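This report refers to the structure that appears directly beneath it.
Keep in mind that this is a model prediction, so the values were computed, not measured. Sequential numbering from 1 along the given sequence is applied to the chain's residues.
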Amino acid sequence: MNKTLYTNINLFDGNNDSILFDSCLLVNNDTGRIESVGKITDKEHCTVVDLGNSYAIPGMIDAHTHTMLDPDENSLEMVSETEVTLRSLINLRRTLTAGVTTVRECGSAYNTDIKLSQIMQRKNIQNLPTIIPYGRPISMTGGHGDFGTSENNLSYLTDSQDEMRKAVRTAFKHGAQGIKVMASGGVLSPNDDVNDTALSLDEIKVACQEAHNRGKKVAAHAQGNLAINNALFAGVDSIEHGIFLDKAQAEFMVENNVYLVPTLNAVDSILKYGANQLPKYMLEKTKKVQDDFYKNMVMAYKTGVQFVVGTDAGTPFNHFGSGVWNELKLLTELGLSNSQALKCATQKAARLLQIAGDYGTLEAGKYADFVVLSQNPLKDINALSDPQKQVFKKGTAIKPSNMGV
């Protein structure tokens, strides 16, 4: 039997709110899956690895990334597919070494995320995070997401229900695992406001109908209040950002099991590092929304909305090597406990991404994606920034690489 028994570890398994001390993980190296968890006494016929009384958590999931972007360059100009691919590979590697073993890419030019995901599956590549690719997002002409020329645009541009239907079907034809719609303006786009509505209610309904017919999810970039309303009543599965979310909308989300991916770190990074570095319009829009954003996120948490961790990594100064740690810390500042925040990056994220059968918790039958830390993250969320952390993908230790890290 080709198995490894990891002993002397204290587990946060993603299900419980406490640490399971002095535990073991038995991993089948051929399948990369966990065979058993807990007190394992039979150590015969397997390799034993003593992890020295360290702490282990499930591999974290970042449910909102843009690996095509350079967070220090802060350019929205379209670049070649070659450059997008190189950036994505570098950023994915940084993400993995940070302890993030799965990402949902929420907007990738040239459908690069789809192509990379397909190659990784075909070649059984394990030294990059698992990608849940949403491919090119769907935007209205002139909306948030309309970057590039007509022949070479980040988004599918749609201006009617029929065009929306074709765009969604085209996305699935190319291999998208979900759909992202741009329901409002945004902070980074120069020619709109976050309160602007973009796609119509009926257009978003078409996207939801087409996606749900295939058992897939729809994520809505929705920052303004009316855009959030349109997205919710159209039937989306997650609200991304949700800056001007109100109480009635939060209650609707609870009742209808709609997730919120707030990407707090995107705003926080601009506020911390953007002065004298970013265009005036970006800074002004960010400062304009900051107070309402955090106030509304606290309200959403207290109302019972299900949060999922997404960083919007790739946006200005929002780095792939630290974004998830920062996002988790910001969630705890809203009032979530450390265990609640960690579940937003593990168990709950896996549910939203429709991968809970394989990822998100450490239990028998799931892939052995886990992160080993020297300190207890339930006592100090900063334990996640441990520079000596070990990252395992399907039971294989990921070695540090000099590829952009």
Please report the interatomic distance CG(Leu25) to OG1(Thr4), rounded to the nearest 0.5 Å.
11.0 Å

Are Asp192 and Ser189 close enough that a side-chain donor and a side-chain acceptor fall under 3.5 Å?
yes

Does the distance from a Lys or Arg side-chain N to an Asp or Glu carboxylate O, for Glu73 and Arg87, drop under 4.0 Å?
yes

How many angstroms lie between atom CD of Gln340 and atom CG of Leu328, to the nearest 0.5 angstrom?
12.0 Å

As a quick check of understanding, evaluate side-chain hydrogen bond (donor to acceptor under 3.5 Å, both in side chains) for Ser374 and Asp386, giving each step before the final call.
CA-CA 7 Å; Ser374 60; Asp386 179 3; 3.0 Å; yes

Examine the side chains of Thr263 and His241 and answer whether a donor and an acceptor come within less than 3.5 Å of each other.
yes

Around atom CD of Gln375, are there more than 12 heavy atoms of other residues, nucleotides or ligands at under 6.0 Å?
no

Aromatic ring proximity, centroids under 6.0 angstrom, Phe12 and Tyr55:
no

With Arg104 via side chain to side chain contact (heavy atoms under 4.5 Å, CB included) - residues at least two apart
Ala63, Cys106, Ile132, Tyr134, Ala219, Ser238, Glu240, Val261, Leu352, Leu353

Axial cation check for Phe320 ring with Arg94, 6.0 Å and 45° limits
no

Mind checking the CG-OG1 spacing from Asp369 to Thr130? Nearest 0.5 Å is all I need.
6.0 Å

Between Asp159 and Thr141, does any side-chain donor sit less than 3.5 Å from a side-chain acceptor?
yes

Can you confirm whether the side chains of Asn10 and Asn53 place a donor and an acceptor under 3.5 Å from each other?
yes

For the residue pair Thr65 / Thr67, report whether a side-chain donor-acceptor contact shorter than 3.5 Å exists.
no

Considering only NZ, NE, NH1 and NH2 on the basic side and carboxylate oxygens on the acidic side, decide whether Lys115 and Glu81 come within less than 4.0 Å.
yes

Nearest-0.5 Å distance, CG of residue Asp268 to CG of residue Asn265:
5.5 Å

Electrostatic pair Lys3:Asp30 at N-O distance under 4.0 angstrom:
no

Donor-acceptor side-chain pairing of Gln354 and Lys217 below 3.5 angstrom:
no

Holding to ring-ring contact (aromatic ring centres under 6.0 Å, His included), I want the full list of residues that pass it with Phe244, two or more places apart in sequence or in another chain.
none

Could you list the donor-acceptor pairs under 3.5 angstrom formed by side chains in residues 119-129, with sequence neighbours left out?
unit_1, atom_1, unit_2, atom_2, d
Gln121, NE2, Ser117, OG, 3.2
Asn124, OD1, Gln126, NE2, 2.8

Those residues at least two apart in sequence (or on a different chain) that pass ring-ring contact (aromatic ring centres under 6.0 Å, His included) with Phe252 are Phe233

Verdict with supporting geometry, Lys39 and Ser23, side-chain hydrogen bond (donor to acceptor under 3.5 Å, both in side chains):
CA-CA 6 Å; Lys39 306 290 186 182; Ser23 293; 5.4 Å; no

Does a donor on one side chain sit under 3.5 Å from an acceptor on the other, for Asp380 and Asn382?
yes

Check ion pair Lys166-Glu163 (N to O, under 4.0 angstrom):
no

Whether the Asp312 and His66 side chains hold a donor-acceptor pair (N or O, under 3.5 Å, no angle test) is what I'd like checked.
yes

With sequence neighbours excluded, tell me which residues meet ring-ring contact (aromatic ring centres under 6.0 Å, His included) with Tyr6.
Phe370, Phe392

Is there a side-chain contact (heavy atoms from CB on, under 4.5 Å) between Ile239 and Met253? Walk through the geometry before answering.
CA-CA 9 Å; Ile239 296 292; Met253 294 175 72; 4.0 Å; yes

Give a yes or no on this: more than 12 heavy atoms of other residues, nucleotides or ligands lie within 6.0 Å of atom NZ of Lys329.
no

Side chains of His319 and Asp72: do they bring a donor and an acceptor to under 3.5 Å?
yes

CD1/Ile34 to CD/Glu363 distance, rounded to the nearest 0.5 angstrom?
8.0 Å

Between Asn225 and Asn195, is any side-chain donor less than 3.5 angstrom from a side-chain acceptor?
no

Among all residues two or more places apart in sequence or in another chain, which pass the side chain to side chain contact (heavy atoms under 4.5 Å, CB included) test with Glu284?
Lys280

Quick one: do the Arg33 and Tyr367 side chains pair a donor with an acceptor below 3.5 Å?
yes

If you measure from the Lys or Arg side-chain nitrogens to the Asp or Glu carboxylate oxygens, is any gap between Arg351 and Asp237 under 4.0 Å?
no

